[in-house]
There are 2 protein chains.
Amino acid sequence: MNRDACTAFAPASVGNVAVGFDILGFAVDAIGDRVTVTRSREPGVHITGASGVVRDLPKEPNRNTAGRALEALVDLVRPDFGFAVHIEKGIPLGSGLGGSAASAVGAVVAANALLPEALPRLELLLCAMQGEAVASGSRHVDNIAACLFGGLVLTVGIDQPRVKQIPVPVGMCAVIVHPHMSLSTRDARAILKRDVDLSAFVWQTANLAGFISGCYTNDLELIREGLNDVVIEPQRQDLIPGFAAVRRAALAAGALGCSISGAGPTVFAWALREAATAVRAGMVAAFQNCGMDSDHWTVPLPSDGARIVNA
Amino acid sequence: MNRDACTAFAPASVGNVAVGFDILGFAVDAIGDRVTVTRSREPGVHITGASGVVRDLPKEPNRNTAGRALEALVDLVRPDFGFAVHIEKGIPLGSGLGGSAASAVGAVVAANALLPEALPRLELLLCAMQGEAVASGSRHVDNIAACLFGGLVLTVGIDQPRVKQIPVPVGMCAVIVHPHMSLSTRDARAILKRDVDLSAFVWQTANLAGFISGCYTNDLELIREGLNDVVIEPQRQDLIPGFAAVRRAALAAGALGCSISGAGPTVFAWALREAATAVRAGMVAAFQNCGMDSDHWTVPLPSDGARIVNA
């Protein structure tokens, strides 16, 4: 209690997870943002600086994902002090790894630890969503929920979201490959058609239901069948040079599935531990064949959500 | 072995289950068709007659759902004898209770018991799908799979379908109310728009994933939230006079959800055992207020699939 400053680590996350556009996400805590929030006498929210892989974040709180999320928290709680915020970015912007979500979540988790009475996580989720909307132009919650709660997370509803953690089969790993290019979430949303063909809708819902069901029952074949996005990926894959080859390489090396992380360009695969190294090597090589270097991480699932690291 | 005749009971089923258009179904074995298949020296398939609630079924095998399903089985197995088929219909046609699926499933289950080597159920599923297509004009499998396997069933894929039985919370009942009118599945499919709005797609997928997840975890609130069809029901509800009032009555009496069974006009609700009587009474009264009498059944879930009843 009466802490003056708190630092939260908020992990990267993979949104959509192939078949859960805007509703599924999983945390990837091999990388993340560290957000330090300090009590200030001056009321309101103040961005004091940014460090790490991104340094030119907007300083105006309402244009900054962490700042906007904290403003939402201030509106809710009306504390008798203000928040000064420093963001150490570990997640590149425009990577499709939930960087804006992580800054928003890190900020509210750190600030929450400074409040006389901590808010429940669902309230933090709603505040962080306000922050995310600054970056993406839409109130989607898949990255926010995964980053905040950890694990593989389903979110149902936007105004009164319900968050459900879904189990992941033992031994499952996520392979994350980030090619050195960036895409704007806003742009990647803008190219999507406003309608889904009815037969693609049926196919996608079957895959989604099969994927969820497979996760609950350790049914790897059903997960393999389910991890196929027939609605969003076909529209976005041309934004990522080499995507088709990367996906082929992942599946050939034994991945259960491979798709775009969020709006891209990062690509993720699910693979059992014993196949993960070969899957990663195949994906990295395929990007290289297209002239693109990449960063990569392999994490066992489920991966933890945001947490206080320094109070 | 060497039986000369066999009778199978094949239950009614509720297709779609609100959020699983063409992919989810559950068996309702309070009613069903009884199909008797007899070996005949004459090769091929012969419809000898129909009794029960429908008596004027087509006699040409390829225009009869049971006959067409058996023809598919004959094509697959090439037995050195033929099949004579009698269908005792318990399920009204055009009711939305999977009547054509039940006749097709009953036929292949009965015939399978006459084969020197029984086929696996997935092969029977594929044969029965051929029969169902005669009636509905589309190869959907939700009723077939529920009728054949029993319980709440998810089917992923059409050409090589995977069937997954999904658990249902203990104490759950289905209330089934069939107003005295009929609808053609073919017509009810024809009115559907060929596209789904992207935001409705996201909403529906969230509801579906929540429903499935709720079933695996006994999360009644998530099931309640999930059992909301925002894509198909709004397009079909006007085909059923009084539907909105029936649904309201069911929810007011404590149902977790209420929607159209298959293509309608039958309406189903899920409710815990203690609420089921009130739910049924509310639904029946609401149809009566619109001048429609109805039949009704209340069944504990899961309900059994097709089975040999007389060998």
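Lettering follows sequence order; numbering is per chain, from 1. Only heavy atoms go into these numbers, but all of them, side chains included; no hydrogens, no water, no symmetry mates.
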Aromatic ring pairing A:F201/B:F201, orientation class (parallel under 30°, perpendicular over 60°, tilted between): perpendicular

Where A:S213 and B:K164 come nearest, the two heavy atoms and their spacing: OG-CG, 3.3 Å

Closest-packed option against chain A by number of heavy-atom pairs under 4.5 Å, given B:V19, B:I23, B:V196: B:V196

Max heavy-atom pair count under 4.5 Å with chain B, selected residue of A:G210, A:G20, A:A209, A:G214: A:A209

Steps toward side chain to side chain donor-acceptor pair (under 3.5 Å) verdict (B:Y216, A:T217): CA-CA 9 Å; B:Y216 276 105; A:T217 58; 4.7 Å; no

Gap between atom OG1 of A:T205 and atom CD1 of B:I212 - 0.5 Å precision: 9.5 Å

Neighbour count above 12 (heavy atom, 6.0 Å) for B:E274 CD: yes

Nearest-0.5 Å distance, CZ of residue B:R162 to CD of residue A:E221: 5.5 Å

Toward chain A, the part of B:Q204 with a non-hydrogen atom under 4.5 Å: side chain

SB check B:D197 A:R194 (cutoff 4.0 Å): no

Enclosure of B:R273 CZ (heavy-atom neighbours >12, cutoff 6.0 Å): no

Side chain, backbone, both or neither of B:L198 within contact of chain A (heavy atoms, under 4.5 Å): both

Under 4.5 Å from any heavy atom of chain A - which part of B:V231: side chain

Contact winner vs chain A - B:V202, B:T155, B:D22, B:N207, heavy-atom pairs under 4.5 Å: B:V202

